[in-house]
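A quick write-up on the structure given underneath.
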Amino acid sequence: METRFTRGKSAILERPLSRLKTEVSVSAFALLFSEMVQYCQSRVYSVSELQARLADLGQRVGGSLLEVLVLREKNGRRESRVLNILLFIKVSVWRALFGKEADKLEQANDDDKTYYIIEKESLVNTYISVPKDNSSLNCAAFIGGIVEAILTHSGFPAKVTVHWHKGTTLMIKFDEAVIARDKALEGR
């Protein structure tokens with residue numbers, strides 16, 4: 001009787017956590033994401049509120065995504081250095097989300113606690129048409145929320161904001177304590 005419900009495949013709870021086929025069609029993603037944006041837009045009054053709402057949704061996704069990626073790719077081992085967690089986000093997280101690495105990772109010249117992840121053509125902005133009165137809207141705030149949650153849950157509290165510069169730029173500003181801890185680890 002149980003085989004009637006599973007149709008010859010193993011139950012989802014019995015499958016291993018190792019890599020599965022994770023591709024989602026772009027059209028399905030675009031439809032789902034545009035519905036998320038419309039849902040959030042119907043409940044806010046300004047562009048900044050909409051971006052904050054998208055970032056909140058992204059934070060929910062980021063916490064879960066971190067757990068899965070740490071188990072699959074790191075065997076439960078977490079990063080302890082700032083540069084390592086940023087490279088993990090640039091490579092592993094971006095591959096899991098978009099099937100490719102982020103275009104660039106840069107550190108600010110004048111501030112040692114500010115880093116930038118640059119994506120020339122962000123997938124989340126590709127299929128969203130922005131009206132003229134909301135021209136400052138950047139739907140990549142959702143991705144900023146994901147990155148902020150991953151950093152915070154990994155023990156690197158930071159504030160992530162999204163800007164239009166060289167495409168879409170995620171500006172990551174770490175807390176002072178994170179940079180002090182990283183410098184102390186570097187001195188060992």
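This structure is a prediction, so every number in the text was calculated from the model and none was measured.
Summarising the geometry of Ala140 relative to Thr168, their closest heavy-atom pair is CB-CG2, 3.5 Å, with the distance given to 0.1 Å. For the pair Gly62 and Ile150, the tightest heavy-atom approach, listed with the atom from each and the gap, is O-CG1, 3.5 Å. Summarising the geometry of Ala96 relative to Leu69, their closest heavy-atom pair is CB-CD2, 3.8 Å, with the distance given to 0.1 Å. Of all heavy-atom pairs between Phe156 and Val178, the closest is CD2-CG1, 3.7 Å. A pairwise comparison of heavy atoms in Ile118 and Thr169 identifies CG1-OG1, 3.9 Å as the closest pair. Counting all heavy atoms, side chain and backbone alike, Ser80 lies closest to Leu185 at O-CD1, 3.3 Å.
In terms of modelled atom types and a separation under 3.5 Å, the side chain of Ser42 and the main chain of Tyr39 share a donor-acceptor contact. No donor-acceptor distance shorter than 3.5 angstrom exists from the side chain of Asp175 to the backbone of Ala177, with no hydrogens or angles considered. Gln107 contributes a side-chain N or O that, together with a main-chain N or O of Asp112, makes up a donor-acceptor pair within less than 3.5 Å. Judged by distance alone, with hydrogens and angles left aside, the side-chain atoms of Asn125 form a donor-acceptor pair with the main-chain N or O of Cys139 at under 3.5 Å. Proximity of a side-chain donor or acceptor of Ser34 to a complementary backbone N or O of Leu31 within less than 3.5 Å is detected. Although no hydrogens or angles enter the test, the distance criterion places no donor-acceptor pair under 3.5 Å between the side chain of Asn138 and the main chain of Val162.
Considering CE of Met171 and OG1 of Thr161, their distance stands at 3.5 Å, rounded to 0.5 Å. Between Met36 atom CE and Gln41 atom CD the span is 13.0 Å, to the nearest 0.5 Å. Here CD1 of Ile179 is found 10.5 Å from CD of Glu186. Values are rounded to the nearest 0.5 Å. Atoms CD and OG, on Gln51 and Ser46 in that order, are 9.0 Å from each other to the nearest 0.5 Å. Within the model, atoms CD1 of Ile85 and CD1 of Ile89 stand 5.0 Å from one another, a figure rounded to the nearest 0.5 Å. The distance from the NE2 atom of His165 to the CG atom of Leu170 is 13.0 Å, given to the nearest 0.5 Å.
Heavy-atom contacts from other residues, nucleotides or ligands closer than 6.0 Å to CZ of Arg81 number more than 12. Surrounding CD of Glu121 are at most 12 heavy atoms belonging to other residues, nucleotides or ligands under 6.0 Å away.
Judged purely by distance below 3.5 Å, without hydrogens or angles, the side chains of Ser92 and Glu73 pair a donor atom with an acceptor atom.
Under the 4.5 Å side-chain criterion, counting only non-hydrogen atoms from C-beta, Val70 is not in contact with Arg77. A heavy-atom distance below 4.5 Å is found between the side chains of Lys100 and Glu119. When side chains are defined from C-beta on, Pro157 does not count as touching Leu151, because their heavy atoms never get closer than 4.5 Å.
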Should Val147 and Val93 be marked as a side chain to side chain contact (heavy atoms under 4.5 Å, CB included) after you check the CA-CA gap, both sets of side-chain angles, and the distance that decides it?
CA-CA 9 Å; Val147 170; Val93 171; 5.6 Å; no

What do the steps show when you test Arg181 against Glu176 for salt bridge (charged side-chain N to carboxylate O under 4.0 Å, His left out), and what is the final call?
CA-CA 9 Å; Arg181 181 183 70 204; Glu176 285 290 336; over 6 Å; no

Output, in order, the C-alpha distance, side-chain angles, deciding distance and verdict of side chain to side chain contact (heavy atoms under 4.5 Å, CB included) for Ile172 and Thr114.
CA-CA 6 Å; Ile172 304 165; Thr114 303; over 6 Å; no

Using the side chain to side chain contact (heavy atoms under 4.5 Å, CB included) rule, take Lys173 and Asp111 through it: C-alpha gap first, then chi angles, then the decisive distance, then the call.
CA-CA 9 Å; Lys173 207 165 193 49; Asp111 189 6; 2.9 Å; yes

Before you tell me yes or no, could you show the steps for Gln59 and Glu148 under side chain to side chain contact (heavy atoms under 4.5 Å, CB included), namely the whole-Å CA-CA distance, both residues' side-chain angles and the distance that decides it to 0.1 Å?
CA-CA 7 Å; Gln59 287 185 359; Glu148 186 171 331; 3.4 Å; yes

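Residues Val44 and Phe33 are members of one and the same hydrophobic cluster, defined by side-chain heavy-atom contacts under 4.5 angstrom among Ile, Leu, Val, Met, Phe, Trp and Tyr. No continuous path of hydrophobic side-chain contacts links Val91 to Ile146 [ILVMFWY only; heavy atoms under 4.5 Å]. When the side chains of ILVMFWY residues are joined at heavy-atom separations under 4.5 Å, either directly or via intervening members, Leu97 and Phe88 end up in a single hydrophobic cluster. One hydrophobic cluster, built from ILVMFWY side chains closer than 4.5 Å, cannot hold both Leu123 and Trp164; they sit in different ones.
Residue pairs meeting the ring pair (Phe, Tyr, Trp, His ring centres under 6.0 Å) criterion with at least one partner in residues 91-117, sequence neighbours excluded, are Trp94-Phe98, Tyr115-Phe174.
Salt bridge absent: Lys90 and Glu106 never bring a charged side-chain N and a carboxylate O closer than 4.0 Å.
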